[in-house]
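Comments concern the structure below.
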Amino acid sequence: MSLCNRNLKMSAVVVVHGGAWAIPDDLAKASVDGVKAAACEGHSVLKRGGSALDAVEAAVRALEDNTVFNAGHGGTLNTEGEVELDAIIMDGRTLGNGAVSSAKNIAHPVTLARAVMEKTSHCMLTSRGANQFAESIGMATVPTETMVTEYERKEWEKHKNYVTGVMEDFNAQWAHDTVGAVAVDCSGNVACATSTGGIRNKMVGRVGDSPIIGSGGYADNLSGAVSCTGHGESILKVTLARLIISHIEQGKSVADSSQLSLQYMGNRVHGAGGAIVVSPSGQWAATFTTERMAWAAVDHDVLWFGLDPNQRSKEQLSN
């Protein structure tokens with residue numbers, strides 16, 4: 001019997017997203033399948049009595065390994081044709097957090113972020129420093145060519161001379177986005193993790209919201225855990241994750257808190273995005289203002305998932 005079954009007071013829940021953007025039809029099924037698999041990965045960790053922190057790391061690692069998503073393998077290329085990766089992980093029990101930005105050739109940036117949290121006295125390491133730290137703890141780097149998909153290389157070639165603003169890039173169908181996960185475990189601890197390759201053709205060294213505490217993610221046992229996705233610069237301007245948490249702290253539901261915060265971001269800085277949220281009591285939501293967001297959640301052995309606005313499908317998981 002697992003820890004979760006013995007402790008019926010708390011319901012363990014995991015929610016994941018694969019990025020909020022105009023996901024084209026030819027990627028729709030793979031995106032939904034990918035988030036469903038990642039949610040089940042996180043759920044299996046929780047079911048074995050694992051922590052929320054372990055669950056979000058496992059879920060995001062699954063997404064980083066899936067080339068459909070813009071994180072780890074499958075990351076987008078910057079103006080110089082390099083992959084620069086960002087990630088954050090946060091523990092709601094202690095408010096401990098770790099992040100990396102502009103890291104190169106790391107298959108699982110989320111695991112490197114967790115190492116920053118657990119093995120250093122810092123919250124974030126960037127660029128060369130992040131890679132030096134990875135080397136110092138024996139984390140293998142992988143060749144760039146194994147991280148970049150043929151699809152991404154073609155898209156980058158197609159668009160590298162096509163100068164547009166990042167907002168137009170983001171709203172275009174070829175702008176991939178972030179992945180993330182939130183979870184609450186049987187003990188009522190919450191955690192979040194977010195990982196991304198950023199925006200295609202971004203300037204070298206550009207860092208978006210994903211690795212920034214309070215923007216790309218936030219977790220606090222007193223209120224809940226959030227992972228955000230969308231136009232990074234817009235999310236940074238309104239510190240979206242912390243904004244959602246502040247609404248929860250005022251007594252609003254996780255769904256209303258997400259909706260109000262995304263509406264505010266749209267009205268104030270004209271940015272679109274999405275968020276997944278879970279509360280310490282197991283209340284959860286997946287909300288977005290983009291055309292689509294691939295998301296999935298496991299709650300009481302039921303797998304929930306969706307892609308289009310107001311879509312909420314479910315499957316019963318076998319015990």
Side-chain angles (χ1 to χ4, degrees), residues 3-5 7-18 20 35-36 38-40 42-47 49-56 59-60 89-93 95 180-194 214 216-229 239-265 273-289 293-306 309-317:
L3 179 64
C4 289
N5 291 337
N7 183 358
L8 296 174
K9 293 197 297 286
M10 293 304 306
S11 163
V13 178
V14 62
V15 192
V16 306
H17 71 74
V35 291
K36 285 164 70 175
C40 289
H43 173 64
S44 70
V45 170
L46 293 172
K47 202 155 184 179
S51 69
L53 204 60
D54 293 337
V56 295
V60 168
I89 194 165
M90 187 165 181
D91 181 355
R93 187 176 63 83
L95 301 189
V182 294
V184 58
D185 60 30
C186 305
S187 305
N189 296 312
V190 299
C192 74
T194 308
Y218 199 79
D220 185 347
N221 276 10
L222 300 181
S223 43
V226 183
S227 172
C228 296
T229 165
T239 53
L240 183 61
R242 195 66 189 80
L243 184 60
I244 292 168
I245 291 289
S246 69
H247 282 299
I248 294 171
E249 289 168 346
Q250 291 163 32
K252 297 186 183 77
S253 71
V254 293
D256 287 349
S257 297
S258 304
Q259 201 63 55
L260 284 166
S261 301
L262 287 165
Q263 282 169 356
Y264 174 79
M265 185 170 81
I276 51 173
V277 193
V278 70
S279 74
S281 64
Q283 189 188 37
W284 61 271
T287 315
F288 55 98
T289 52
M293 180 175 83
W295 64 269
V298 181
D299 180 8
H300 286 96
D301 286 320
V302 176
L303 174 63
W304 299 85
F305 57 94
N310 303 316
Q311 181 191 351
R312 207 172 148 98
S313 306
K314 66 175 181 174
E315 294 172 7
Q316 184 70 42
L317 294 178

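- Atom CD1 of I248 sits about 9.5 Å away from atom CZ of R242, to the nearest 0.5 Å.
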Exercise for review: Could you walk me through whether V16 and V182 pass the side chain to side chain contact (heavy atoms under 4.5 Å, CB included) test, one step at a time?
Suggested key: CA-CA 6 Å; V16 306; V182 294; over 6 Å; no
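- No side-chain donor-acceptor contact under 3.5 Å links S258 to the backbone of T287.
- L262 and G274 make their closest contact through CD2-N, 3.8 Å (heavy atoms, listed as atom of the first residue, atom of the second, distance).
- Side-chain contact between V278 and V254 is absent, with no heavy-atom pair separated by less than 4.5 Å.
- Nearest heavy atoms, S257 versus I244: CB-O, 3.6 Å.
- Atom CH2 of W304 and atom CD of Q311 lie 12.0 Å apart (nearest 0.5 Å).
- Among all heavy-atom pairs drawn from I276 and G180, the shortest one is CD1-O, 3.7 Å.
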Practice item. Report the C-alpha distance between L260 and K252 in whole Å, list the side-chain angles of each, state the deciding distance to 0.1 Å, and finish with yes or no for side chain to side chain contact (heavy atoms under 4.5 Å, CB included). Key: CA-CA 10 Å; L260 284 166; K252 297 186 183 77; 3.4 Å; yes
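- Note that CZ of F288 is 10.0 Å distant from CD of Q259, once rounded to the nearest 0.5 Å.
- The CD atom of Q263 lies 11.5 Å from the CE atom of M265; values are rounded to the nearest 0.5 Å.
- A donor-acceptor pair under 3.5 Å is absent between the side-chain atoms of D185 and the main chain of S51, judged by distance alone.
- For the pair V302 and L317, the minimum side-chain heavy-atom distance is 4.5 Å or more.
- Side chains of D299 and W284: a donor on one and an acceptor on the other come within 3.5 Å.
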Practice item. Test E315 against S313 for side chain to side chain contact (heavy atoms under 4.5 Å, CB included), laying out the working first. Key: CA-CA 7 Å; E315 294 172 7; S313 306; over 6 Å; no
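- Across L222, T239, V226, a single residue satisfies side-chain contact (heavy atoms from CB on, under 4.5 Å) together with I245, and that is V226.
- In this structure, the separation between OG on S253 and NE2 on H247 is 11.0 Å, given to the nearest 0.5 Å.
- Remark: H300 NE2 to S11 OG distance equals 3.5 Å, nearest 0.5 Å.
- A side-chain donor-acceptor contact under 3.5 Å links H43 and D301.
- Here the shortest heavy-atom pairing between C40 and V298 reads N-CG2, 4.3 Å.
- In terms of heavy atoms, A296 sits closest to L303 at CB-CD1, 4.3 Å.
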Practice item. Show your working on side chain to side chain contact (heavy atoms under 4.5 Å, CB included) between Y218 and L95 and close with a plain yes or no. Key: CA-CA 9 Å; Y218 199 79; L95 301 189; 4.2 Å; yes
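- Closest of all the heavy-atom pairs between M293 and A275 is CE-O, 4.1 Å.
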